[in-house]
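Some notes on the structure that comes next.
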Amino acid sequence: MQVSPVFACLALGLALIFGEGSASLHRQSQAAHLATDFGLKVFRQVAQASEDRNVAFSPYGVASVMAMLQLTTAGETQRQIQAAMGFKTNEKGMASALRQLYKELLGPWNKDEISTANAIFVQRDLELVPGFMSRFFRLFHTTVKQVDFSEVERARFIVNDWVKKHTKGMITDLLGEGTVDQLTHLVLVNALYFNGQWKTPFPKKATHERLFYKSDGSTISVPMMAQTSKFNYTEFTTPDGHYYDILELPYHGDTISMFIAAPYEKEVPLSALTSILDAQLISHWKGNMTRLPRLLVLPKFSLKSEIDLRGPLENLGMTDMFNANQADFTSLSDQEQLYLSQALQKVKIKVNESGTVASSSTALIVSARMAPEEIIMDRPFLFVVRHNPTGTVLFMGQVMEP
């Protein structure tokens with residue numbers, strides 16, 4: 001059964017993440033934490049290179065494809081990926097924990113729409129290591145699809161059509177012209193879609209033009225939504241002593257929320273927070289919130305990102321897989337010298353009065369100081385869409401200009 005949520009995102013180049021009474025739940029929780037932490041590490045690299053630009057990103061998507069890619073590699077190439085991700089996909093119990101996590105995300109109890117799928121497209125005449133396809137399917141329940149990449153446009157259409165179908169039409173051209181050629185032998189893809197309605201929608205009549213303060217000090221006028229309600233709220237202080245407001249906006253199913261985080265003072269850069277962000281910090285936010293009546297003013301926003309993941313992944317120590325002379329993909333095929341030529345992600349997200357739709361820590365937690373009577377997100381802010389039962393971060397990003 002497929003559920004469908006509020007963001008549609010897509011990650012290409014690599015492949016999936018985790019999934020199993022008490023010990024089983026512990027493994028599932030650990031799997032979700034490790035996968036989310038890795039996705040956030042990649043996001044920090046992306047945000048660092050995009051300091052003044054809007055970014056929409058899917059930590060889940062990149063963790064999913066990289067977990068699959070692990071199984072195709074060997075030697076130092078695989079060791080680098082495992083070290084960066086903090087887990088081994090083929091480790092005992094890990095794959096089953098990932099599958100259980102997958103089922104938890106898609107469970108009907110979420111109410112909000114979520115759907116995710118993975119696929120691996122392999123060159124039809126590539127001689128695979130014996131047992132690879134059955135082993136891959138057993139671990140990921142992902143069908144390996146054979147494609148003839150010598151028919152470049154036909155192969156590109158097959159991949160893009162699969163992506164379009166699994167993102168409900170939000171991502172229509174994942175692989176652009178020239179992305180694949182006759183040397184392409186393998187494409188790993190994750191598709192993620194989310195459609196969630198706010199538990200408490202913003203009244204449309206309360207949306208008005210307001211000033212938004214950009215990071216360079218200039219201002220622009222943007223439509224801002226407003227509502228007075230009781231919100232889960234906390235404050236957080238970075239190691240540098242900067243205060244941040246953290247507020248939770250639940251979707252109607254109550255298992256998924258959007259967390260909004262912004263510096264208390266307009267002149268403090270958002271990077272002071274994004275540079276230390278990890279799964280534990282977000283859990284701290286969630287665990288230290290107090291329900292308080294507040295007036296929330298939040299911009300409507302719509303983001304579209306196309307991200308080249310090569311730089312961020314190499315910065316995390318995964319360099320051999322991009323090097324044609326050093327890459328080791330002998331767990332996939334020992335007949336040809338293979339390497340990862342590209343890794344990319346495309347994401348679309350739209351946030352309005354009714355909800356969200358999208359096509360893809362070490363810290364001090366401070367909750368004692370008096371909260372402001374109004375929380376006006378009129379400066380750059382971070383958003384995190386989180387599946388709270390597992391802690392999995394589906395989408396996130398920074399809004400530098402709505």
Side-chain angles (χ1 to χ4, degrees), residues 7-18 31-50 55-73 78 80-87 89 98 101-102 105 114 116-120 140 142 163 166-167 171 174-175 179 186-194 274 277-279 282 303-319 321-322 340-349 358-360 383-387 390-398:
F7 295 65
C9 156
L10 199 290
L12 158 83
L14 329 141
L16 155 76
I17 41 188
F18 318 63
H33 180 89
L34 292 172
T36 293
D37 225 28
F38 171 70
L40 293 181
K41 284 198 293 186
V42 179
F43 172 76
R44 289 201 301 267
Q45 293 292 327
V46 172
Q48 185 177 337
S50 313
V55 175
F57 184 74
S58 174
Y60 176 87
V62 71
S64 292
V65 290
M66 288 304 300
M68 290 196 295
L69 190 72
Q70 267 199 41
L71 291 185
T72 69
T73 59
Q78 187 178 75
Q80 289 179 358
I81 297 173
Q82 292 172 342
M85 299 191 75
F87 66 87
T89 304
L98 290 171
L101 172 59
Y102 177 84
L105 293 176
I114 299 177
T116 183
N118 299 278
I120 173 171
F140 289 107
T142 299
V163 169
H166 287 88
T167 59
I171 305 293
L174 176 69
L175 303 183
T179 307
L186 176 71
V187 177
L188 301 116
V189 184
N190 166 262
L192 177 62
Y193 174 83
F194 171 68
T274 56
L277 195 65
D278 64 15
I282 297 174
L303 303 183
K304 179 180 179 181
S305 288
E306 297 186 12
I307 300 169
D308 183 345
L309 294 170
R310 176 169 181 163
L313 294 175
E314 287 184 324
N315 290 342
L316 293 174
M318 293 171 282
T319 56
M321 63 187 183
F322 291 106
L340 190 64
S341 58
Q342 294 188 69
L344 56 91
Q345 186 179 88
K346 292 186 180 182
V347 183
K348 290 182 182 179
I349 179 171
S359 54
S360 228
F383 67 87
V384 176
V385 178
R386 181 179 187 260
H387 182 258
T390 64
T392 301
V393 175
L394 301 172
F395 298 93
M396 67 186 304
Q398 61 186 29

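Exactly one residue among N118, L71, I120 makes a side chain to side chain contact (heavy atoms under 4.5 Å, CB included) with L188. That residue is I120. Checked options V42, N190, L313; the residue passing with M66 is L313 (criterion: side chain to side chain contact (heavy atoms under 4.5 Å, CB included)).
Here CG of L186 is found 7.5 Å from CG of L69. Values are rounded to the nearest 0.5 Å. Here the CD atom belonging to Q45 is positioned 11.0 Å from the OG atom belonging to S50, to the nearest 0.5 angstrom. To the nearest 0.5 Å, the span separating OH on Y60 from OG1 on T116 amounts to 4.0 Å. Remark: L316 CG to K41 NZ distance equals 6.0 Å, nearest 0.5 Å.
For D37, the side-chain contact (heavy atoms from CB on, under 4.5 Å) partners at least two apart in sequence or on another chain are H33, D278, A279. For the side-chain contact (heavy atoms from CB on, under 4.5 Å) test, residues two or more places apart in sequence or in another chain that qualify with Q70 are I81, Q82, M85, F87, K88, T89.
Between the side chain of Q345 and the backbone N or O of L309 there is no donor-acceptor pair closer than 3.5 Å. Looking only at distances, a side-chain donor or acceptor of Q80 sits under 3.5 Å from a matching main-chain atom of T319. At least one donor-acceptor pair closer than 3.5 Å links the side chain of Q78 to the backbone N or O of T73.
The nearest pair of heavy atoms linking F322 to L340 is CD2-O, 3.1 Å. Between G391 and T36, the shortest heavy-atom contact is O-OG1, 3.4 Å.
Annotation: side chain of T167 is not in contact with side chain of L174 (no heavy-atom distance under 4.5 Å). Side chains of I307 and V347 form no contact here, defined as non-hydrogen atoms less than 4.5 Å apart. With contacts defined as side-chain heavy-atom distances shorter than 4.5 Å, the pair V384/F43 does not qualify.
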Derivation and outcome, side-chain contact (heavy atoms from CB on, under 4.5 Å), residues I282 and L40: CA-CA 11 Å; I282 297 174; L40 293 181; 4.0 Å; yes
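Note on residues 303-312: pairs passing side-chain hydrogen bond (donor to acceptor under 3.5 Å, both in side chains), not counting sequence neighbours, are R310-E314.
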